[in-house]
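Let me begin by presenting the structure, written as structure tokens, before commenting on it.
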Amino acid sequence: MPTPKAASSRTPDATRRSERSRRAIYDAALALVVEVGYARTTVEGIASRAGVGKQTIYRWWPSKSAVLLDAYLDLTGQAGQEAQAGREGGEERAEPTEPTEPTGATGATGPTEPAGLPDTGDLAADLKAVLRATVDELNDPRFEAPTRALTAEGVIDPELGARFVERLLEPQLRLYVRRLAAARDAGLLRPGADLRVAVELLVGPLTHRWLMRTRPLTHAYADELVDHVLQGIAPR
């Protein structure tokens, strides 16, 4: 029988194997959605692309939509860390987060609060910087296909839609509200302004234009939204 020391020495290797498998599954799910679309992406295809058994996926997630949601959350988390590192340290990149067990099957791990919005003292400039970054993300092929897939699937799968809102959208919207609240407390916004409505007026039209492809999604459009919304909630 192995000694306790030998047995314990194998634990880190198992953890690393689990993390490698998780990363491979995330990469495979995102790649397949971009290459063949959501409808033609299957759990079998993800497993084959990732080099894992199908049972490994079903041990962690109940469906392909759950896999894609966790993969997308991981992707946006990495992008957020890179953006934060860029703001704080120029070229310096953020350290990767510690591996965590996938949460698609159990939902045991709650949503992670993303980094706060910038606060340079210039509210308009801060909001424009964030919305411009959102425009860039939505126009990035790495994000566009999985975002559209999750948005569409969330319409017909209420459970997935609720998880998408809880784990991604609400934490982001709260950051906007928090930034606007700080500006209101500083006397920069009308005291009675409904900040949640103001946030939805910022991000709603942006999302609509992108989702429906009514017109090009540009930095100039993002800037216009900020100008119009702030004009509406400025002190009178």
### Message
Using side-chain contact (heavy atoms from CB on, under 4.5 Å), reason through Asn139 and Glu144 one step at a time and then give a plain yes or no.
### Response
CA-CA 6 Å; Asn139 286 329; Glu144 183 175 19; over 6 Å; no
Could you see if [X] belongs to whatever hydrophobic cluster contains [Y]? Use Ile, Leu, Val, Met, Phe, Trp, Tyr and a side-chain cutoff under 4.5 Å.
X      : Y      : value
Leu201 : Val203 : yes
Leu117 : Leu230 : yes
Leu175 : Leu225 : yes
Leu180 : Leu188 : no

Measuring from atom [atom1] of [X] to atom [atom2] of [Y], what distance do you get when rounded to the nearest 0.5 angstrom?
X      : Y      : atom1 : atom2 : result
Leu206 : Leu131 : CG    : CG    : 6.0 Å
Leu123 : Arg179 : CG    : CZ    : 5.0 Å
Leu75  : Leu68  : CG    : CG    : 10.0 Å
Leu195 : Arg184 : CG    : CZ    : 4.0 Å
Ser65  : Glu159 : OG    : CD    : 8.5 Å

### Derivation and outcome, side-chain hydrogen bond (donor to acceptor under 3.5 Å, both in side chains), residues Asp227 and Gln231
CA-CA 6 Å; Asp227 290 339; Gln231 183 179 14; over 6 Å; no
Where do [X] and [Y] come nearest, in terms of heavy atoms and distance?
X      : Y      : answer
Gly187 : Pro235 : O-CG, 3.6 Å
Pro205 : Tyr221 : CB-OH, 3.3 Å
Ala198 : Ile233 : CB-CD1, 4.0 Å
Gly154 : Leu160 : N-CD2, 4.1 Å
Lys64  : Thr42  : CD-CA, 4.4 Å
Val67  : Ala29  : CG1-CB, 3.9 Å

### Query
Asp74 and Arg23: side-chain contact (heavy atoms from CB on, under 4.5 Å), yes or no, with the steps?
CA-CA 9 Å; Asp74 180 76; Arg23 176 62 51 201; 2.5 Å; yes
### Query
Think Arg148 forms a cation-pi with Tyr38, using NZ or CZ under 6.0 Å from the six-ring centre and within 45 degrees of its axis?
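No, Arg148 does not sit over the ring of Tyr38.
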### Query
Within 45° of the ring axis of Trp210 and under 6.0 Å from its six-membered ring centre, is that where the NZ or CZ of Arg215 lies?
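Here Arg215 fails the 6.0 Å and 45° test against Trp210.
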### Message
For Trp61 and Tyr26, take the angle between the two ring planes, folded into 0 to 90°, and tell me which bin it lands in: parallel under 30, tilted 30 to 60, perpendicular over 60.
### Response
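Taking Tyr26 first and then Trp61, their aromatic rings sit tilted (interplane angle of 30° to 60°).
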With distance as the sole test, does [X] use its side chain to make a donor-acceptor pair with the main-chain N or O of [Y] at under 3.5 Å?
X      : Y      : answer
Thr56  : Val52  : no
Arg190 : Gly232 : yes
Asp140 : Asp136 : no
Arg132 : Ala222 : no
Ser48  : Gly45  : no

#### Entry: CA sep, side-chain torsions, deciding dist, call: Trp60, Ser21, side-chain contact (heavy atoms from CB on, under 4.5 Å)
CA-CA 11 Å; Trp60 287 338; Ser21 295; 4.2 Å; yes
### Message
The test is side-chain contact (heavy atoms from CB on, under 4.5 Å); show your working for Thr134 and Phe143 and say whether it passes.
### Response
CA-CA 10 Å; Thr134 302; Phe143 293 92; over 6 Å; no
Counting C-beta onward and ignoring hydrogens, is there a side-chain heavy-atom pair between [X] and [Y] closer than 4.5 Å?
X      : Y     : result
Arg167 : Leu69 : yes
Arg142 : Val34 : no
Leu168 : Tyr72 : yes

### Message
How about CD on Glu35, more than 12 heavy atoms from neighbouring residues, nucleotides or ligands closer than 6.0 Å, or not?
### Response
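For Glu35, atom CD is crowded (more than 12 foreign heavy atoms under 6.0 Å).
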### Query
Only one of Val226, Val199, Asp122, Asp223 forms a side-chain contact (heavy atoms from CB on, under 4.5 Å) with Leu127, so which one is it?
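Testing each of Val226, Val199, Asp122, Asp223 against Leu127, the sole residue satisfying side-chain contact (heavy atoms from CB on, under 4.5 Å) is Val226.
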Taking only Lys NZ, Arg NE, NH1 and NH2, and the carboxylate oxygens of Asp or Glu, determine whether [X] and [Y] approach each other closer than 4.0 Å.
X      : Y      : answer
Asp194 : Arg196 : no
Asp27  : Arg49  : no
Arg22  : Asp70  : no

